[in-house]
*Asks:* 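Have a look at this one.
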Amino acid sequence: QVFGYELLYRAAAADVACTETAGSVSARVIADALLGIGFETLTDGRRAFINLDMQTLLADASGLLDPEQVVLEILESVAITPAVVEVCTSLRERGYAIALDDFVPGSAAEALVPLARFVKLDVLSLAPDELVPTTTRLLSAGVSVVAEKVETAEVFERARAAGCSL
């Protein structure tokens, strides 16, 4: 069952990755989704996960988006500063769902876990003995844990057994 879609920027249809600076990319995805295509067309009524770099996050450009339509995904490259925590707190209070992308246990992003609704874990970057305790801790904090980089049946079963959403 599809929960939502992650909206990613690609300069051309054939591109498989983005090589542009993060600031222009986050703003471009928001502008294209709102003005160019429209959320309903892109997501068929499901939530859109939108990556936010530090510049776009601090500019509060995401405040233009309907909190019922989006999940604001804080990129792993965002430095967790008091200003970032303050903006994320404000977004959460205004009803926005926050996701932490490529979360690393023990990193500065731990400060955002109480504000997050979703935490995305790169299951290939975690040691096998880290996945279950990390997932258990995050689930007990009230967040949904989303497994990323699930590319084989073995990794799928390991992530599912740990309690990750897939």
Side-chain angles (χ1 to χ4, degrees), residues 1-9 18 21-34 39-40 42-43 45-127 130-150 159-166:
Q1 182 176 352
V2 175
F3 175 79
Y5 297 96
E6 185 170 8
L7 304 185
L8 300 170
Y9 175 79
C18 178
T21 62
S24 64
V25 170
S26 293
R28 179 70 184 264
V29 167
I30 291 171
D32 286 351
L34 277 175
F39 274 102
E40 190 62 36
L42 284 170
T43 66
R46 292 176 176 85
R47 287 194 178 216
F49 283 70
I50 298 179
N51 294 326
L52 296 180
D53 60 89
M54 189 153 185
Q55 179 182 349
T56 307
L57 177 66
L58 293 179
D60 201 19
S62 54
L64 300 170
L65 304 170
D66 180 349
E68 296 298 317
Q69 292 181 316
V70 297
V71 175
L72 304 176
E73 192 168 330
I74 311 302
L75 292 172
E76 66 278 6
S77 59
V78 171
I80 309 304
T81 65
V84 166
V85 174
E86 183 179 323
V87 168
C88 289
T89 300
S90 173
L91 288 166
R92 177 70 188 251
E93 288 170 352
R94 290 183 281 160
Y96 288 92
I98 295 172
L100 306 179
D101 189 31
D102 289 337
F103 179 78
V104 175
S107 70
E110 292 277 0
L112 297 180
V113 169
L115 302 172
R117 189 171 303 163
F118 303 94
V119 172
K120 296 171 86 176
L121 292 177
D122 176 349
V123 293
L124 297 181
S125 71
L126 287 173
E130 285 182 298
L131 183 59
V132 170
T134 299
T135 302
T136 301
R137 178 173 62 85
L138 292 169
L139 290 171
S140 70
V143 299
S144 295
V145 180
V146 179
E148 291 190 301
K149 308 249 173 86
V150 177
R160 191 167 80 177
C164 295
S165 299
L166 302 166

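Just so it is clear, the values below take in all heavy atoms, side chains as well, and ignore hydrogens, waters and symmetry mates.
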*Asks:* Any side-chain to backbone donor/acceptor pair from T134 onto E130? Under 3.5 Å, distance only.
*Replies:*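 Confirmed, T134 side chain pairs with E130 backbone.
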
*Asks:* Work out which heavy atom in T135 is nearest to a heavy atom in C164; give both atom names and the distance.
*Replies:*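 Between these two residues, the closest heavy atoms are OG1-SG, 3.7 Å.
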
*Asks:* Taking the basic N atoms (NZ, or NE/NH1/NH2) and the acidic carboxylate oxygens, is any pair closer than 4.0 Å for K120 and E76?
*Replies:*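 Looking at K120 and E76, the cut-off is not met.
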
*Asks:* Which atom names give the shortest non-hydrogen contact between P67 and G95, and what distance separates them?
*Replies:*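 In this case the closest contact between P67 and G95 is CB-O, 3.4 Å.
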
*Asks:* At their closest point, which heavy atom of L52 faces which heavy atom of T56, and how far apart are they?
*Replies:*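 Scanning both residues, the minimum pair turns out to be CD2-CG2, 3.9 Å.
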
*Asks:* Could you state the interatomic distance from NZ (K149) to CG (D102), rounded to the nearest 0.5 Å?
*Replies:*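 If I round to the nearest 0.5 Å, the distance is 5.5 Å.
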
*Asks:* Please give me the minimum heavy-atom distance between Y96 and D66, naming the atom from each residue.
*Replies:*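 The answer is CE2-C, 4.3 Å.
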
*Asks:* Taking the side chain as C-beta and beyond, is there a heavy-atom pair between E148 and D101 under 4.5 Å?
*Replies:*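 Counting from C-beta outward, E148 and D101 do come under 4.5 Å.
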
*Asks:* Can you check side-chain contact (heavy atoms from CB on, under 4.5 Å) on V113 and F103, steps first, answer last?
*Replies:* CA-CA 10 Å; V113 169; F103 179 78; 3.7 Å; yes

*Asks:* Please test I98 against L112 for side-chain contact (heavy atoms from CB on, under 4.5 Å), starting from the C-alpha separation and ending with a verdict.
*Replies:* CA-CA 9 Å; I98 295 172; L112 297 180; 5.9 Å; no

*Asks:* With rounding to the nearest 0.5 angstrom, report the OG to CG distance, S144 to L138.
*Replies:*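 Reported value, rounded in 0.5 Å steps: 10.5 Å.
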
*Asks:* CD of E86: more than 12 outside heavy atoms within 6.0 angstrom?
*Replies:*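 Not buried by this count: 12 neighbours or fewer within 6.0 Å.
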
*Asks:* Name the one of L75, L58, I74 that satisfies side chain to side chain contact (heavy atoms under 4.5 Å, CB included) with D53?
*Replies:*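 Of L75, L58, I74, side chain to side chain contact (heavy atoms under 4.5 Å, CB included) with D53 is met by L75 alone.
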
*Asks:* Evaluate the criterion side-chain contact (heavy atoms from CB on, under 4.5 Å) for residue pair R47 and E68; output intermediate values, then yes/no.
*Replies:* CA-CA 7 Å; R47 287 194 178 216; E68 296 298 317; 4.1 Å; yes

*Asks:* Check the pair V71 / R117 against side-chain contact (heavy atoms from CB on, under 4.5 Å), numbers first and verdict last.
*Replies:* CA-CA 9 Å; V71 175; R117 189 171 303 163; over 6 Å; no

*Asks:* Measure the shortest side-chain to side-chain distance between L72 and L65 over non-hydrogen atoms and say whether it is less than 4.5 angstrom.
*Replies:*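 Result yes, sub-4.5 Å side-chain heavy-atom pair found.
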
*Asks:* Where is the tightest heavy-atom contact between L57 and L91, given as atom of each residue plus distance?
*Replies:*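 So the two residues come closest at CD1-CD1, 3.8 Å.
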
*Asks:* Return yes if some donor-acceptor pair links the side-chain N/O of S140 with the main-chain N/O of R137 below 3.5 Å, else return no.
*Replies:*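 A pair under 3.5 Å: yes.
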
*Asks:* On a heavy-atom basis, which atom in L115 and which in C88 lie closest, and how many Å separate them?
*Replies:*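 For L115 versus C88, the nearest heavy atoms are CD1-CB, 3.8 Å.
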
